[in-house]
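Everything quoted here is computed from the prediction, not taken from an experiment. Order of the sequence lines fixes the chain letters, A, B, ..., with proteins taken first and strands second; residue numbering starts at 1 for each chain.
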Amino acid sequence: MASSGSGYDLSSSTFSPDGRIFQVEYASKAVENAGTALGLKCSNGVVLCVEKPLLNKMLLPSSSRRIHTIDSHSGVAITGFVSDGRQMVNRAREECSNYEETYGTKIPSKVLGERLASYVHYFTLHGSLRPFGTSALVASYDPETKQHSLQMVEPSGVAYTYYGCAAGKGRQPARTELEKLDVHKPETSIDVREGVKQLARIIHLLHEEGKDKPFELEMSWVCEESNWEHKGVPRDYIKEAVEWAKKDIEEEEEFESDEDEEMED
Amino acid sequence: MSRDSNYDHHISIFSPQGRLYQMEYAFKAASSSSGQTAVSLRGANSCAFVTQKKVPDRLMDPSSITHIFSITPKIGCLATGMIADCKAQVQRMRYEAADFQFKYGYPIPVRVLAKRIADIAQVNTQSASMRPLATVCILIGVDDEKGPQVFKVDCAGHFLPFFGTASGAKEQEAVNYLEKRVGDMKGYDKDQTVRTAIMCLGSVLGSDFRGSEIEVGYVEGKNGRFTVLTEEEIDAHLNAIADADA
């Protein structure tokens with residue numbers, strides 16, 4: 001059992017003795033080192049959010065975006081290797097415009113997700129190519145069925161539809177927080193404005209002040225309010241949400257430390 | 001390349017003992033790694049398959065997690081193994097089926113599709129650039145001339161027709177269960193076919209199911225369409241099985 005790779009990890013076209021493809025697993029590790037990206041399917045829309053670390057004080061904050069519009073009704077948030085992400089975004093845009101040219105209608109969400117997934121999967125088949133080091137969160141609205149959906153495409157080419165998903169450094173604690181929101185039950189599904197606040201809260205909760213670099217929060221949504229078009233969440237609303245988030249986190253910390261004091265007595 | 005005597009583990013070339021290691025590893029990836037088992041059998045004029053439905057995470061939409069795909073309205077496919085490879089295989093099958101219909105003007109028979117996709121899978125075992133797809137596909141359909149058909153196509157490009165077969169982690173146990181009933185299978189109607197598949201899966205996994213934990217597909221009759229059972233229909237079958245046992 002060569003679980004450390006040792007020779008079976010040199011190319012995408014090699015299986016290990018226990019049936020794993022190490023190159024694909026390493027590509028997933030590349031995503032795990034990058035900023036957290038979150039997606040949330042709300043009752044009336046989908047919200048995407050990416051924590052973009054500000055690597056250099058001289059950088060213009062709004063440059064090198066992580067969230068991109070693919071078509072009027074869909075957007076993609078990427079995390080991992082940003083340059084690989086750009087390739088995925090370009091391909092997604094081509095798929096959208098080709099579909100519309102061929103079939104005369106906007107690409108359905110499921111088809112967009114599947115096409116992107118099968119493109120990413122192709123790079124895990126050939127020895128001469130390497131897998132993408134990015135995960136893409138696809139938020140999309142289908143004008144025919146009037147359904148909105150959230151999908152995530154991983155470096156292995158696997159794509160599933162989600163109520164809430166997370167990728168990147170903080171994905172494990174983020175998933176726990178998302179599960180607490182109970183979004184998988186239609187009765188407890190939340191509104192997009194609430195969703196924006198909750199995602200801002202999760203990002204701030206996971207961000208450790210001294211340890212991690214300062215970051216910029218990129219958020220976008222596809223919802224009733226934006227007329228089902230993929231748009232950035234208005235900046236003043238993001239600011240409001242972040243303020244709410246910080247206050248909420250502080251209050252919780254005080255509550256917890258109060259609880260501790262009571263228990264000590 | 002390293003001078004390691006195991007260099008034949010990297011690409012599709014023969015080992016000194018005459019084995020193809022990469023293909024064997026692909027089988028491992030297709031069968032044991034996913035932990036899934038699939039069972040399929042055919043009756044008098046219907047065929048069915050069943051597998052577990054595991055939703056790893058509450059945040060995932062369960063409807064997007066499936067290993068059952070329809071290739072044409074009359075042919076269904078159950079693909080076990082690495083899901084991304086399964087989907088790529090299914091895409092190719094759909095293309096081949098549509099291309100056949102376009103060229104020859106009639107729907108592709110199951111055995112022709114199975115042979116075609118098996119030939120395509122074999123190419124990957126002989127070329128260095130592409131790896132075999134880690135998936136085992138079970139195709140079902142009712143042929144105009146030959147009646148219900150169950151074909152299994154694997155990573156190496158083998159394909160064979162079966163009365164009953166299984167793939168995945170508990171393949172051997174499932175096949176043993178089916179072998180005991182192979183004589184009776186020829187007379188099974190659709191309900192018996194579906195229920196035997198479900199009972200076989202239950203017996204090898206050693207547990208009872210609920211309707212949401214398995215997925216079932218079948219084709220009945222020459223004019224039948226490939227159908228995937230809803231949760232209610234699965235529950236109805238499970239209840240009938242429980243009543244019959246009681």
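Interface residue A:S156: only backbone heavy atoms are found under 4.5 Å from chain B. If you measure heavy-atom distances from A:V183 to chain B, the contacts under 4.5 Å come from the side chain alone. For A:H121, the part lying near chain B is the side chain, with the backbone staying farther off; criterion is any non-hydrogen pair under 4.5 Å.
Within 6.0 Å of atom NZ in B:K170, 12 or fewer heavy atoms from other residues, nucleotides or ligands are found, so the atom counts as exposed in its surroundings.
The heavy-atom pair separating B:D57 from A:E179 by the smallest distance is OD1-OE2, 3.4 Å.
Atom CZ of residue B:R131 and atom CD1 of residue A:I21 lie 3.0 Å apart, to the nearest 0.5 angstrom.
Within the 4.5 Å cutoff, the side chain of A:Y8 has heavy atoms near those of the B:Y25 side chain. Put simply, the side chain of A:L125 does not reach to within 4.5 Å of the side chain of B:N124, judged on heavy atoms.
Chosen from B:A29, B:A134, B:S31, B:A30, the residue pairing most often with chain A at heavy-atom distances under 4.5 Å is B:A29. Residue with the most contacts toward chain B among A:S12, A:A166, A:A159, A:S13: A:S13 (heavy-atom pairs, distance under 4.5 Å).
Contact residues of residues 81-96 of chain B toward chain A are B:M82, B:I83, B:A84, B:D85, B:K87, B:A88 (heavy-atom distance under 4.5 Å). Along residues 59-76 of chain B, the residues that come nearer than 4.5 angstrom to chain A, judged on non-hydrogen atoms, are B:L59, B:M60, B:D61, B:P62, B:S64, B:I65 in order of number.
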